[in-house]
Amino acid sequence: MQKVRPALLRGFDQEYLPHEQLQFNALIGLVRANFERYGFLPIETPSAERKEILTSKGGVEKEIYALARLAAGEDEDEASTKGALRFDLTVPLARYVAMRERELAFPFRRYQIQRVWRGETPQASKGRFREFYQCDIDIINRERLSILAEAEIPSVIHSVFGEMAIGAFRIRINNRKVLKALLQKFEVPQANSAAVLRVLDKVDREPAARILEDLRREGVPRAAALHQLMTTRRSTGETLDALKGLGLDPGAVEELAQVAAAIRKFGVPEAAFGIDLAVVRGLDYYTGTIYETTLESYPELGSICSGGRYDDLASYFTDTRLPGVGISIGLTRLFSKLKEAGLLREPARTPAEALVVTMDGRYLERYLDMARALRGAGINTEVYLEQAKLKNQLAYADRKGFRVALIAGEDEFARNMVQVKNLLSKTARDHPLEEVVAAVKETLYGA
RNA sequence: GUGACCGUAGCUCAAGGGUAGAGUCCCGGAUUGUGAUUCCGGUUGUUGUGGGUUCGAGUCCCAUCGGUCACCCCA
């Protein structure tokens with residue numbers, strides 16, 4: 001028979017072996033636990049939304065996947081003609097909040113961990129895929145939003161990456177209003193400001209000569225001075241002083257200063273965050289504080305978490321003014337990069353810790369009883385269900401990383417005993433059947 | 001979408017125009033009940049696909065598909 005070649009679609013290629021999936025799930029669990037620790041509430045939204053919702057921000061339509069049934073006919077239904085896959089979690093959130101405004105408690109703090117899809121050219125080396133997970137938190141309020149919300153976000157980030165134990169990281173903050181004032185100060189032509197911001201965004205990735213050339217092409221008269229200001233690393237206080245010294249809009253600088261001060265109050269250590277004027281963020285809906293987070297030892301990984309403040313989340317859907325602040329962790333990219341850099345702990349290869357070897361079919365019930373007793377005591381246990389030699393069952397246990405094997409056959413059962421084997425130390429001891437739970441616990445967790 | 005490079009076993013790679021190979025992985029075995037290593041044996045392929053040149057093509061030429069990387073943009 002002609003076989004269909006088992007293969008994946010380019011960009012839709014992030015599937016893992018079971019032990020990697022366990023590792024990935026652990027990462028999601030860690031993120032979720034930290035989000036909930038700060039009181040964020042979970043929501044999920046459908047994978048597909050109406051096209052006009054997704055394009056409401058006037059977005060990049062070529063990146064959006066539209067829905068279509070493979071066998072589309074005359075009876076084409078509404079969902080498959082009007083729908084498209086979400087490309088982020090922020091637009092669905094805006095739609096969600098606009099729809100359910102009366103049912104939600106504000107300030108609304110939600111987290112959402114789901115897949116999104118983008119029709120861009122994938123590049124695995126850059127952790128860039130067509131299907132990937134985002135982990136978002138947002139705080140949204142009606143009419144106004146405390147500056148404390150902007151300061152709390154880095155605190156959550158700090159908790160998440162602190163617990164991940166992936167080395168020193170730096171939460172870099174900036175403020176859109178400050179950037180705007182800077183552009184004015186440096187006499188950037190209004191029409192070119194978006195292009196200039198894109199250039200400035202690359203300031204720490206590209207050589208100075210190229211940046212300067214690009215800036216001049218965009219009509220920036222004092223390109224060198226601007227470049228120098230962006231690239232000089234200063235303490236938070238020094239940066240604020242430098243900005244004040246330039247005579248920028250004091251309101252903008254003051255806002256940045258207040259956020260920085262509040263971040264400190266949230267207990268985020270000075271070493272873990274700082275003002276970085278080169279943080280720009282391409283997305284134009286940010287209006288205040290913006291964030292990017294990078295690993296100190298692996299800056300080439302790029303930002304592993306980014307976001308910012310926006311003045312009106314759902315202006316396309318409702319007249320209610322809904323200011324908010326949020327960030328997104330690109331978990332698929334982060335996972336692939338951490339794996340590549342060897343920063344992830346070696347994962348368990350099985351969620352179970354004990355394997356009940358079935359040596360002799362006559363004792364099936366005893367094996368099952370044993371497993372039930374262990375599970376009842378909270379020990380994840382698997383029973384080997386196939387007929388196989390003891391040797392092969394132990395090889396299986398080894399490959400899957402069980403820590404304990406329970407071995408019993410005619411000899412043991414005749415004496416009402418079971419052999420409890422520690423697969424790591426390769427030692428074994430017989431125990432009375434009724435003490436099997438205690439014996440396994442001791443083997444797993446010590447006396 | 002634009003440009004450059006690359007397609008040989010599940011994976012990593014070899015084969016000067018003359019019969020497609022190695023390592024690894026996987027599977028089985030090494031006398032009846034113990035997972036590393038070792039030893040023995042085994043499956044591996046329309047050489048991405050389709051044409052062309054040639055007595056003969058994995059190798060040369062053309063096309064096509066796929067992949068990788070850079071740019072754009074982003075997580």
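Chain naming here is simple, since letters A, B, ... match the order of the sequence lines and numbering starts at 1 in each.
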### Message
Surrounding CZ of Arg216(A) (heavy atoms of other residues, nucleotides or ligands, distance under 6.0 Å), is the total greater than 12?
### Response
yes
### Task
With C1' as the reference atom in both, quote the distance from A15(B) to G50(B) in angstrom, rounded to an integer.
24 Å
### Summary
Answer for the Watson-Crick or wobble partner of G67(B), both distances under 3.5 Å, is C5(B)
#### Entry: Ile407(A) side-chain proximity, nearest of C73(B), G33(B), A75(B)
G33(B)
### Message
Under 4.0 Å, heavy atoms only, any strand: does Gly302(A) hit a base, just the sugar-phosphate, or nothing?
### Response
nothing
### Query
Under 4.0 Å between a Lys/Arg side-chain N and an Asp/Glu carboxylate O for Glu410(A) and Arg415(A)?
no
### Query
Considering only the C1' atoms, how many Å lie between G48(B) and U59(B), rounded to the nearest integer?
16 Å
### Summary
When rounded to whole Å, the CH2 to P distance for the pair Trp117(A) and C74(B) reads 21 Å
#### Entry: Short side-chain N/O contact from Arg118(A) to OP1 or OP2 of C74(B), under 4.0 Å
no
### Message
Nearest to the side chain of Lys389(A), heavy atoms from C-beta on, is which of A30(B), G35(B), C72(B)?
### Response
A30(B)
### Query
What is the nucleic acid contact for Thr121(A), judged by heavy atoms within less than 4.0 Å: base, sugar-phosphate only, or nothing?
base
### Message
Suppose you measure atom P in C71(B) against the same atom in G21(B); what distance do you get, rounded to whole Å?
### Response
43 Å
### Query
Between Gln123(A) (CD) and G66(B) (P), how many Å, whole number?
17 Å
### Query
Which whole number of Å gives the distance between the C1' atom of G17(B) and that of A22(B)?
23 Å
### Task
Taking atom types as modelled, find out whether Tyr38(A) and Ser155(A) have a side-chain donor-acceptor pair closer than 3.5 angstrom.
yes
### Message
Would the base of G1(B) count as contacting Glu120(A) through its side chain, where contact means a donor and an acceptor less than 3.5 Å apart?
### Response
no
### Message
Using atom C1' in both nucleotides, what's the gap between C72(B) and U2(B) to the nearest angstrom?
### Response
9 Å
#### Entry: Asp398(A) side chain, from C-beta outward: closest of A36(B), A75(B), U34(B)
A36(B)
### Message
If I take atom CD in residue Glu131(A) and atom P in nucleotide A75(B), what distance separates them, rounded to the nearest angstrom?
### Response
17 Å
### Message
Using atom P in both nucleotides, what's the gap between G45(B) and U49(B) to the nearest angstrom?
### Response
13 Å
### Query
What nucleotide among C27(B), G1(B), G35(B) has an atom nearest to a side-chain atom of Arg399(A)?
C27(B)
### Message
Whole angstroms only, please: what is the CZ-P distance between Arg130(A) and A75(B)?
### Response
17 Å
### Query
Looking at Gln393(A), does any N or O in its side chain come under 4.0 Å of the phosphate oxygens OP1/OP2 on U34(B)?
no
### Task
Please answer whether A75(B) and Phe132(A) are stacked, defined here as ring centres separated by less than 5.5 Å and planes angled under 30°.
yes
### Query
When we call it a touch if two heavy atoms are under 4.0 Å apart, what does Asp411(A) touch: a base, just sugar-phosphate, or nothing?
base
### Message
Heavy atoms only, 4.0 Å cut-off, all strands: where does Lys426(A) land among base, sugar-phosphate and nothing?
### Response
base
### Message
Rounded to whole Å, how long is the line connecting atom OH of Tyr291(A) with atom C1' of C74(B)?
### Response
20 Å
### Task
Give a yes/no answer on whether the side chain of Lys126(A) brings an N or O atom under 4.0 Å of OP1 or OP2 in C71(B).
yes
### Task
Please confirm whether the backbone N or O of Ile275(A) pairs with a side-chain atom of Arg172(A), one donor and one acceptor, at under 3.5 Å?
no
### Interatomic distance at C1', U54(B) relative to C61(B), whole Å
12 Å
### Message
If you only use heavy atoms from C-beta on, which nucleotide in C73(B), G33(B), A75(B) is closest to the side chain of Arg333(A)?
### Response
A75(B)
### Query
Taking atom C1' of G66(B) as reference, at what distance in whole Å does atom CG of Leu8(A) sit?
13 Å
### Task
Scan Tyr133(A) against the nucleic acid and name what it touches under 4.0 Å (heavy atoms): base, sugar-phosphate only, or nothing.
nothing
### Task
Could you check which of G35(B), G33(B), C72(B) has an atom nearest any side-chain atom of Ala395(A)?
G35(B)
### For atom CD of Glu292(A) and atom C1' of C73(B), their distance in whole Å
13 Å
### Query
Between the base of U34(B) and the side chain of Gln419(A), is there a donor-acceptor distance below 3.5 Å?
yes
### Message
Between P on G1(B) and CZ on Arg128(A), what's the gap in Å once rounded to a whole number?
### Response
13 Å
### Query
Which is it for Glu36(A) and Tyr111(A) under the side chain to side chain donor-acceptor pair (under 3.5 Å) test, yes or no, and what are the steps along the way?
CA-CA 8 Å; Glu36(A) 292 190 348; Tyr111(A) 77 86; 2.5 Å; yes
### Message
Are more than 12 heavy atoms, taken from residues, nucleotides or ligands other than Lys180(A), located less than 6.0 Å from that residue's NZ atom?
### Response
no
### Positive for ring pair (Phe, Tyr, Trp, His ring centres under 6.0 Å) with Phe12(A), one of Phe132(A), Tyr65(A), Phe129(A)
Tyr65(A)
### Message
What's the gap between G56(B) and U38(B) when it is taken at their P atoms, as a whole Å value?
### Response
47 Å
